[in-house]
2 protein chains.
Amino acid sequence: MAGRSLSANTRRPKAAGNLSKPAIVAAALDLIDRDGLEAFSMRGLAQALGVYPTALYWYVPNRNALLAEMVTVAMQDVLPSPRKRPWQAWLKELFRRYRRAVSRHPHLAALMGAQMVSNAGVDPVLPEQILGVLSRAGFSDRQMVHAFNTVIATMAGFVTLEFGPAPADDDGSWAKTFQHSLRTVDAARFPLLARNMPRLENRAFITRWQNGVEAPLDDSFELFIEAAIHGLELQRVRKRRTPPRG
Amino acid sequence: MAGRSLSANTRRPKAAGNLSKPAIVAAALDLIDRDGLEAFSMRGLAQALGVYPTALYWYVPNRNALLAEMVTVAMQDVLPSPRKRPWQAWLKELFRRYRRAVSRHPHLAALMGAQMVSNAGVDPVLPEQILGVLSRAGFSDRQMVHAFNTVIATMAGFVTLEFGPAPADDDGSWAKTFQHSLRTVDAARFPLLARNMPRLENRAFITRWQNGVEAPLDDSFELFIEAAIHGLELQRVRKRRTPPRG
DNA sequence: ACCTGAACACCGTTCAAGT
DNA sequence: ACCTGAACACCGTTCAAGT
């Protein structure tokens, strides 16, 4: 967002001075993509950059601010182009783009959904566009807040769960045990679970042992966003007294 | 909440002896409800219990396992009673119960949604009941997985965002600054945002400075789950070739 | 301006030792 | 069986000092 193109005008820094905020953020993203959020530390990042831990604090105020920067980078391409098309199609593309952004940095899923998106830290262009689309769709001012919240929850809700971390599992023993317990579920106590397990195992929340990285829920996601959009359509129609003009 | 009334009484030679797994989990929940997840530590918990940090490891294998225990406790009352009623009503109660459970331990919101619910660690009675309700609703075996995933994502998605933590804000300065930036948003660049701000501020994702604890999104939540249920209704109906028999 | 280096106040977890 | 106590390998962040 902030253009830092002109800062230390053409004066080359020291030979070893490769450090910069974008470089730090990029290196941090690499580390997190590789090792996950729990393993990420300022000290580890400094080591990866070949620098003392405290050097980072010249560019970044603290760890949380650095995480926020990473989320901003990860959110870069979520906004669909504003070209005219049915509002349903625009929303679908928004949802798919957000999912794609999260899938590129799955270890940031919870951070993106439950912290940055649901709160501040998002480019105001995104909410502005969403409001525009909902306005075109025919939502009244009174309904606008709720439709907006439904859009955001639909966008981030499913995906935050889908790419949430599976239980820590260094040797794969948990996955095998859990898998076995699913396949041998007591058919007397849990008849439907037992009957549907062939289709549920590793393809549904709760009954999976891998997350969206290894076992993406593509079809479920598509039907989920379709359901949400149909639900929005109904709410809009129900309040309408006069046919749409545009 | 935690009664630490008995301290030096009852002639116990040792200080504690009150230690047990349920007591540890309860004390941990108290600490997290008060100070949040970031501030929670095994050492702090031990201190609150008047015991050496390593004593906890006799009852709990590690920190993550303890967090999982807390989530299990927090999820206690989410399952609606199985008494007969329309499937839409049953789902609505499930969604509301989950929201209520999270609202009681908001600092566990991300843990509950993005980790335990979306993955393992949930009583199989819950998925069994959901399958039963969806079966009664008329979903085919082919649709079942997707309908199930839609239910889980609807249940946990909105609420995980709603109770996600607002930016760390010790002195309230961020909230004031952000609030001001919302109210003075550039009406030329963001006309819809500016026009709708009176209804959006602190009542919508992104444009709020408090989370669901202080600023619950009750109405939006209700409309969100209604939209999801209507979407499900349509998907079921669309596939149906014969009228329902029940 | 940019980085080193020491230091502070913490962590989770192990292991041996006590009772 | 249950807890103490020392110890290990870490943390984030501050601050003074170097260049």
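In what follows, chains carry the letters A, B, and so on, assigned in the order in which the sequence lines appear, proteins first and then strands, with residues in each chain numbered from 1.
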**OP:** Could you measure between the two P atoms, the one in D:dA9 and the one in C:dA9, and give it in whole Å?
**Re:** 22 Å
**OP:** Please check if the side chain of A:Asn62 supplies one atom and the backbone of A:Ala65 the other of a donor-acceptor pair under 3.5 Å.
**Re:** yes
Original post:
Taking only Watson-Crick and G-U wobble pairs with both distances under 3.5 Å, what dot-bracket line describes DNA chain D, where [ ] shows pairs that cross earlier ones and | shows pairs with another strand?
Top reply: ||.|||||...|||||.||
Original post:
Quick one: is C:dG5 close enough that its OP1 or OP2 comes under 4.0 Å of any side-chain N or O from A:Tyr52?
Top reply: yes
Subject >> Spacing between B:Glu38 atom CD and D:dC11 atom C1', to the nearest angstrom >> reply: 13 Å
**OP:** Measure from the side chain of A:Arg43, starting at C-beta and using heavy atoms only, and say which of D:dT4, D:dC11, C:dC3 lies closest.
**Re:** D:dC11
**OP:** Could you tell me the separation between the CH2 atom of B:Trp58 and the P atom of C:dT13, rounded to a whole number of Å?
**Re:** 18 Å
Subject >> Distance-only side-chain donor-acceptor flag, B:Asp33 / B:His105, under 3.5 Å >> reply: yes
**OP:** Please report, rounded to the nearest Å, how far the P atom of D:dC11 is from the CG atom of A:Leu45.
**Re:** 11 Å
Using a cut-off of under 3.5 Å, enumerate the N/O to N/O pairs linking the protein to nucleotides 14-17 of chain D.
none

**OP:** Between C:dC3, D:dC3, C:dG12, spot the one nearest the side chain of A:Leu19, thanks.
**Re:** C:dC3
**OP:** Identify the heavy atoms of A:Glu128 and B:Leu192 that sit nearest to each other, and give their distance.
**Re:** OE2-N, 3.0 Å
**OP:** Measure from the side chain of A:Asn62, starting at C-beta and using heavy atoms only, and say which of D:dC3, C:dG12, D:dT13 lies closest.
**Re:** D:dT13
Original post:
CZ of A:Arg63 versus P of C:dC10: gap in Å, rounded?
Top reply: 18 Å
Subject >> By side-chain contact (heavy atoms from CB on, under 4.5 Å) - contacts of B:Arg63 (at least two apart) >> reply: B:Phe40, B:Met42, B:Leu67
**OP:** Taking B:Arg96 for its side chain and B:Leu91 for its backbone only, find out whether a donor-acceptor pair lies under 3.5 Å.
**Re:** no
Original post:
Do B:Thr184 and B:Met197 come close enough that some side-chain heavy atom pair is under 4.5 Å?
Top reply: no
Original post:
Does the B:Arg97 side chain pair with the main chain of B:Asp77, one donor and one acceptor, at a distance under 3.5 Å?
Top reply: yes
Original post:
Of the candidate nucleotides D:dT4, D:dG12, C:dT13, which contains the atom at the shortest distance from the side chain of B:Ala55?
Top reply: D:dT4
Original post:
Which whole-number value in Å describes the distance from A:Leu49 CG to C:dC2 C1'?
Top reply: 15 Å
Subject >> Interatomic distance, B:Gln47 CD vs D:dT4 P [rounded to whole Å] >> reply: 13 Å
Subject >> Interatomic distance, A:Met42 CE vs C:dC11 P [rounded to whole Å] >> reply: 19 Å
Subject >> Whether A:Phe224 and A:Phe158 hold their rings parallel, tilted or perpendicular, with breakpoints at 30° and 60° >> reply: tilted
Original post:
Would you say D:dA1 has OP1 or OP2 under 4.0 Å from some side-chain N or O of B:Tyr59?
Top reply: no
Subject >> A:Gln210 and A:Asn202 side chains, donor-acceptor separation under 3.5 Å >> reply: yes
